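Because the structure is predicted, anything quoted here is derived from the model rather than measured.
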Amino acid sequence: MTENTKKKSLHFIQSIIEEDIRNNKNNSKVHTRFPPEPNGYLHIGHAKSICLNFGLAKQYNGLCNLRFDDTNPVKEDVEYVDSIQEDIKWLGFDWEDRKYFASDYFEKLYEFAIILIKKGKAYVCEMSADEISANRGTPTQPGKKSPWRNRPVEENLNLFERMRKGEFEEGKYVLRAKIDMASPNMHMRDPAVYRIRNIEHHRTGNKWCIYPMYDWAHGLSDYIEKITHSLCTLEFEVHRPLYDWFLDQVIDTEYRPRQIEFARLNLSFTIMSKRKLLKLVEEKYVDGWDDPRMPTISGYRRRGYTPESIRKFADKIGVAKRDNVIDVALLEHSIREDLNKKVKRTMAVLNPLKIVIDNYPEGQTEELEAINNPEDESMGTRMIPFSKTIYIEKEDFMENAPKKFFRLAPGREVRLRYAYFITCTKVVKDENGNITELRASYDPASKGGKSPDGRKVKGTLHWVSAHEAIKAEIRLYDRLFLNENPEVAEEGKDFTSNINPHSLEKITGYLEPGLQNAQPESKYQFERIGYFCVDKDSTKEHLIFNRTITLRDSWAKIDKKK
RNA sequence: UGGGAUGUGGCCAAGUGGUAAGGCAUCGCCCUUUGGAGGCGACAUUCGCAGGUUCGAAUCCUGCCAUCCCAGCCA
């Protein structure tokens with residue numbers, strides 16, 4: 001453990017683990033698992049869980065398994081088991097040879113169920129799903145016992161075996177645990193353990209037609225894998241008595257797994273529900289699960305987020321039991337912080353305004369040296385072409401500029417980054433009064449952007465040489481939702497009514513020629529604009545850059561205030 | 001009106017009887033060839049509320065209030 005992590009206070013799960021280690025519980029071993037259901041892509045909320053489970057295992061010299069919780073073939077698919085593995089790896093975690101599936105344990109789980117029946121703790125119930133529901137009672141009223149509750153053990157065994165053999169249609173029978181129909185905890189009112197589903201499973205095919213329920217499969221899978229700390233989210237807190245009850249029925253060792261619940265991640269301006277994310281994909285509000293506006297891990301990857309930034313984020317948000325909504329600004333801060341230190345700078349003009357420098361020699365091009373990353377000298381320098389005609393950003397010129405506008409205006413002098421000081425001498429307009437180009441003069445003595453006489457210029461602009469610049473498609477992504485809480489919609493409308501109509505704007509930008517060979521997934525800072533990542537569909541012939549995040553912009557704040 | 005949990009600044013989050021860490025956001029100032037980055041400073045007399053115990057309470061006790069979860073043969 002480093003000095004740093006030592007100083008940092010422990011969160012409640014670390015405290016529990018350390019106490020367990022002190023008490024030599026489970027031989028002081030730490031073994032966690034990340035248990036996704038393969039029914040959707042992983043999102044940033046899963047990233048929190050992944051970082052927690054794999055992180056804890058690493059911190060305490062333990063192991064973390066990957067276990068697909070695939071007990072419901074109705075919703076699951078191999079497409080998802082592939083994407084899930086890719087995303088976990090990309091995040092930087094490794095389950096080594098411990099990739100498991102709950103479906104691998106179906107036989108064992110079935111045997112455990114036989115034990116349960118033999119103990120007289122489970123029975124085959126013939127009530128329909130509706131009847132069971134109607135007889136479960138309410139939180140304030142006890143439920144009614146099933147008429148099949150006292151079926152003899154032999155009969156239960158026989159029926160359960162025939163359920164497995166496929167002798168009955170779906171819904172005809174269900175195996176239920178015999179616990180307590182009057183329990184104030186609804187989950188203890190004779191919960192279903194096995195249901196009949198005549199559906200092909202993505203791994204076991206048609207071998208099974210009965211499938212275990214989550215509560216039965218999860219805890220016992222933990223037991224089979226010798227998991228010590230089974231971490232899950234708060235909504236499973238009320239399942240814990242059942243988790244423990246099931247374990248009590250089959251356990252015959254000193255070792256025992258423990259379920260611990262923590263608060264799931266919620267992010268402002270973001271939707272996290274798998275069902276709703278699926279809707280965004282299926283109804284084409286976005287361009288697939290990896291659309292850069294999606295809060296999926298693959299979406300963030302395509303957007304230009306780094307694994308480090310997401311891990312750092314997960315670390316910063318902490319782990320606790322209270323419901324929370326993390327400000328998305330913290331995520332944005334995490335990626336800026338990471339990219340600032342390691343990404344090359346370049347100049348790109350997204351909204352060009354032509355400037356002709358009258359006193360610069362016609363036809364001349366010179367190469368000027370630019371620093372690749374002021375934060376990291378080892379990243380070196382590059383040469384960029386400069387000539388008589390350049391582009392600057394439209395927003396960097398104002399005809400009637402206020403004093404606080406430190407950029408170009410008639411008669412004002414600014415620095416062109418790594419190039420020269422220029423002064424705007426003339427504004428050229430078309431017949432409609434629109435500015436078509438600017439004329440300027442430059443100071444040859446200021447080459448490199450230095451001021452040999454100590455003269456101060458307040459503004460420094462990025463630019464690109466008009467002739468040498470290359471074009472690229474620029475995709476300007478913004479938050480997908482307008483509201484801090486996208487779930488809050490007007491009467492009769494749903495979260496899709498809160499979608500930001502400007503969450504994607506495609507434009508053509510002008511870049512330094514050095515970017516011609518930029519490879520997919522490579523990342524840059526466009527100086528004074530933001531961080532950009534080459535899209536996976538980008539080619540040399542048609543470059544595509546995705547905006548990951550803008551730079552912080554204090555001018556925008558000043559401008560807004562007025 | 002049952003059960004389970006949770007309440008510390010705008011958002012997170014430490015704190016576990018000795019007098020409120022840290023991060024994000026926000027606001028100042030400094031610095032700057034990115035209005036970026038960086039640096040410095042400000043930002044809870046108070047911990048859901050009300051009582052009580054104690055020399056001393058965010059921490060212990062009592063009562064109340066608020067929010068979240070639970071009535072799938074989903075996970």
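Rounded to whole Å, atom C1' of B/C11 lies 17 Å from atom CG of A/Asn483.
Taking the ring axis of A/Phe269 as reference, the NZ or CZ atom of A/Arg479 stays within 45° of it and closer than 6.0 Å to the ring centre. Because its NZ or CZ atom is both nearer than 6.0 Å to the ring centre of A/Tyr110 and within 45° of the ring axis, A/Arg164 counts as a cation-pi partner of that residue.
For A/Ile132, whose side chain is taken as the heavy atoms from C-beta onward, the closest listed nucleotide among B/C73, B/A25, B/G35 is B/C73. Taking every side-chain heavy atom of A/Ser9 into account, B/A14 is the closest of B/G35, B/A25, B/A14. Taking the side chain of A/Ala192 as heavy atoms from C-beta on, and the options B/C70, B/C73, B/G36, the nearest nucleotide is B/C73. Candidate nucleotides B/C73, B/U34, B/C74 were compared by shortest atom distance to the side chain of A/Pro374, and B/U34 ranks first. Listed nucleotides: B/C74, B/C73, B/G35. Nearest to the side chain of A/Asn72: B/C74. When the nucleotides B/U32, B/G2, B/A71 are ranked by their closest atom to the side chain of A/Lys458, B/U32 comes out on top. For A/Thr460, the listed nucleotide lying nearest its side chain is B/U34; candidates were B/U34, B/G72, B/G3. In the set B/A75, B/C70, B/U34, the nucleotide with an atom closest to the side chain of A/Tyr214 is B/A75. Minimum atom distance to the side chain of A/Arg195 is reached by B/C73, of the listed B/C73, B/A14, B/A37. Nearest nucleotide to the A/Glu527 side chain, out of B/U34, B/C70, B/C73: B/U34.
For RNA chain B, the neighbouring residues in residues 317-327 of chain A, judged by any heavy atom under 4.0 Å, are A/Ile317, A/Val319, A/Ala320, A/Lys321, A/Arg322, A/Asp323, A/Asn324, A/Val325, A/Ile326, A/Asp327.
Dense packing is recorded around CD of A/Glu367, with more than 12 heavy atoms of other residues, nucleotides or ligands lying under 6.0 Å away.
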| said: Please evaluate residues A/Tyr300 and A/His43 with respect to the criterion ring pair (Phe, Tyr, Trp, His ring centres under 6.0 Å), reporting the C-alpha separation (whole Å), side-chain torsions for both, the decisive distance (0.1 Å), and the verdict. | reply: CA-CA 9 Å; A/Tyr300 285 116; A/His43 54 61; 9.9 Å; no
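Within 4.0 Å of A/Gln525, counting heavy atoms only, lies at least one base atom of the nucleic acid.
No donor-acceptor distance shorter than 3.5 angstrom exists from the side chain of A/Ser183 to the backbone of A/Arg189, with no hydrogens or angles considered.
Note: A/Tyr105 and A/Tyr100 have tilted aromatic rings, judged against thresholds of 30 and 60 degrees for the angle between ring planes.
Look at B/A20: it lacks any Watson-Crick or wobble partner with both distances under 3.5 angstrom. Pairing partner, B/G72: none, since no Watson-Crick or wobble contact has both distances short of 3.5 Å. B/A25 is unpaired under the Watson-Crick or G-U wobble criterion, no partner having all donor-acceptor distances under 3.5 Å. Under the Watson-Crick and G-U wobble criteria, each requiring two contacts below 3.5 Å, nucleotide B/A5 is paired to B/U67.
B/A21 and B/C12 are spaced 14 Å apart, taking the C1' atom of each and rounding to whole Å.
Judged by distance alone, with hydrogens and angles left aside, A/Glu375 brings a side-chain donor or acceptor within reach of the base of B/G36, the pair sitting under 3.5 Å. For B/G4, its base never sits under 3.5 Å from the side chain of A/Arg240 at any donor and acceptor pair.
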